[in-house]
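All remarks here apply to the structure that follows.
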Protein chains: 2
Amino acid sequence: MSLEHAILVSLAEQPASGYDLTRRFDKSIGFFWSATHQQIYRVLARMDADGLVTIRRQSGGGVRPDRKVYRLTTAGRGRLVEWTREPTPGETHRSEFAVKVRAMPFGDRAAIVADIVRQRAVHAEQLDYYVADERRHFPDPARLSDDELPAWLVLRGGIRQERGYVEWCDEMLAALGADATTTPDTLVRSTSS
Amino acid sequence: MSLEHAILVSLAEQPASGYDLTRRFDKSIGFFWSATHQQIYRVLARMDADGLVTIRRQSGGGVRPDRKVYRLTTAGRGRLVEWTREPTPGETHRSEFAVKVRAMPFGDRAAIVADIVRQRAVHAEQLDYYVADERRHFPDPARLSDDELPAWLVLRGGIRQERGYVEWCDEMLAALGADATTTPDTLVRSTSS
DNA sequence: TTTGTCATGTAAGTTGTTACATGATTGG
DNA sequence: CCAATCATGTAACAACTTACATGACAAA
């Protein structure tokens with residue numbers, strides 16, 4: 001049911017088509033709740049049936065495909081407020097990567113070390129993205145309005161999380177006697193290509 | 001498919017019954033990959049059909065219920081090694097809590113602040129649990145064997161994550177002009193009961 | 001006598017993933 | 001001419017959740 005809540009939030013911020021929402025779930029809100037376009041269209045259809053949204057058809061002017069713009073009804077906004085009043089249930093965290101690290105005594109150690117290096121790079125890149133985003137959208141965090149503050153706080157959480165992930169990878173590589181210089185393979189390949 | 005991998009790791013560490021695995025997924029490995037007993041029994045049945053495990057029936061000696069002890073076959077161990085050779089795909093993170101914080105401009109601000117306080121408490125408790133676990137099982141991390149090291153590294157990741165979560169909650173509460181003293185409700189209730 | 005632990009499952013429903021499908025326009 | 005972008009969906013399958021079901025023993 002929770003994709004519905006994420007869509008409620010996104011539509012409250014700004015009415016959108018299914019396609020628009022798909023792009024939003026590829027970034028911003030999607031960093032905290034991922035979803036594919038198939039899921040989004042299915043849930044939007046249900047939300048329409050439940051009277052949480054209205055649809056306005058917009059013709060593409062013969063040039064672009066027609067689009068359906070969804071916006072929240074009063075019932076939709078009500079549902080959103082209700083949800084914010086419920087305490088968030090315990091989240092079920094799942095990290096395939098953590099399980100794989102723990103599999104090291106029974107698997108291919110070198111491959112897992114290489115995977116740690118890879119994960120470090122992925123999360124370092126995500127961290128850079130977030131930091132750039134903060135600089136762009138929130139240059140003066142001390143003077144944010146009540147409406148802008150929450151999005152900044154969520155971004156701060158993302159920054160903390162990614163930074164923590166990168167530091168964890170570094171700690172693992174140090175403990176395993178491997179650091180970034182252990183993987184000249186990747187470097188050689190990327191420079192020679 | 002990934003619950004299968006988590007079960008492969010857990011059975012590689014120690015053969016177990018479905019019931020044993022359920023308890024393990026309530027702690028230790030379960031902190032990084034959650035699963036209920038229904039999921040576990042279903043996947044075990046499939047793994048048996050696929051020849052990844054063997055079952056040894058153990059009678060409860062008339063006292064306890066009979067149990068089926070699962071252990072990995074050579075094929076099961078092979079499957080595990082193969083999996084460690086595959087790079088971990090991008091993980092889809094989902095945080096209902098982060099989405100809810102972002103819903104603040106459209107919802108009940110006081111309720112969300114109370115939820116942040118609650119989340120802080122939950123994660124502070126988890127952090128304490130991890131730290132105690134580290135002290136108990138890994139009193140001298142500098143001298144861990146290759147087989148013990150991975151489990152410690154994963155625990156370190158958990159500690160980092162929970163610590164980061166608590167700090168994030170504190171940052172949010174400070175930015176929202178609320179701190180722990182804002183919730184005398186909970187304190188009053190817990191002391192008066 | 002009721003609650004908790006041990007131990008296994010079935011059934012139904014909701015989500016999430018992967019693959020398939022269409023069709024026009026724009027840019028290289 | 002080929003790939004990418006815009007825009008919407010269907011279908012099939014896999015995974016996950018919630019509820020229901022059984023039955024014995026031990027302890028409070």
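Proteins come first, then strands; the chains are lettered A, B, ... in the order of their sequence lines, and each starts at number 1.
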Side-chain donor-acceptor pair present, B:Asp108, A:Thr84, cut-off under 3.5 Å: no

Classify the ring geometry of B:Tyr129 against B:Phe31: parallel below 30°, tilted from 30° to 60°, perpendicular beyond 60°. perpendicular

Name the orientation class of the two ring planes belonging to A:Trp168 and A:Phe97 (parallel below 30°, tilted from 30 to 60°, perpendicular beyond 60°). perpendicular

Between [options], spot the one nearest the side chain of [X], thanks.
{"X": "A:His37", "options": "C:dT8, C:dG16, D:dG9", "result": "D:dG9"}
{"X": "A:Gln38", "options": "D:dC20, D:dC16, D:dA11", "result": "D:dA11"}
{"X": "B:Thr36", "options": "D:dT10, D:dT18, D:dC16", "result": "D:dT18"}
{"X": "A:Arg67", "options": "D:dT17, D:dT10, D:dA7", "result": "D:dA7"}

Phosphate OP1/OP2 of D:dC16: any B:Gln39 side-chain N/O under 4.0 Å: yes

Taking only N and O in the side chain of B:Tyr41, is any of them less than 4.0 Å away from OP1 or OP2 of C:dG9? no

Rounded to whole Å, how long is the line connecting atom [atom1] of [X] with atom [atom2] of [N]?
{"X": "A:Asp50", "N": "C:dT14", "atom1": "CG", "atom2": "C1'", "result": "14 Å"}
{"X": "B:Asp66", "N": "D:dC25", "atom1": "CG", "atom2": "P", "result": "13 Å"}
{"X": "B:Glu91", "N": "C:dT17", "atom1": "CD", "atom2": "P", "result": "13 Å"}
{"X": "A:Leu44", "N": "D:dT8", "atom1": "CG", "atom2": "P", "result": "9 Å"}
{"X": "B:Lys68", "N": "C:dG9", "atom1": "NZ", "atom2": "C1'", "result": "9 Å"}
{"X": "B:Arg42", "N": "D:dT18", "atom1": "CZ", "atom2": "P", "result": "13 Å"}

Residues passing the side chain to side chain contact (heavy atoms under 4.5 Å, CB included) test with A:Ser28, sequence neighbours excluded, are A:Arg24, B:Arg102

NA contact type, B:Arg46, heavy-atom cut-off 4.0 Å: base, sugar-phosphate, or nothing? sugar-phosphate

Counting the atoms with a prime plus P, OP1 and OP2 as sugar-phosphate, which does A:Arg94 contact under 4.0 Å by heavy atoms, base, sugar-phosphate, or nothing? sugar-phosphate

Does this structure show an ion pair linking B:Arg94 with A:Glu91, if we count only N-O contacts that are shorter than 4.0 Å? no

Between A:Lys100 and B:Glu86, is there a side-chain N and carboxylate O pair less than 4.0 Å apart? no

Sub-4.0 Å heavy-atom contacts from residues 11-34 of chain A onto DNA chain D, ordered by number: A:Ser17, A:Gly18, A:Tyr19, A:Arg23

For side chain to side chain contact (heavy atoms under 4.5 Å, CB included), just list the numbers for A:Val101 and A:Met172, CA-CA rounded to whole Å, side-chain angles, deciding distance to a tenth of an Å, and then say yes or no. CA-CA 9 Å; A:Val101 169; A:Met172 288 195 283; 4.0 Å; yes

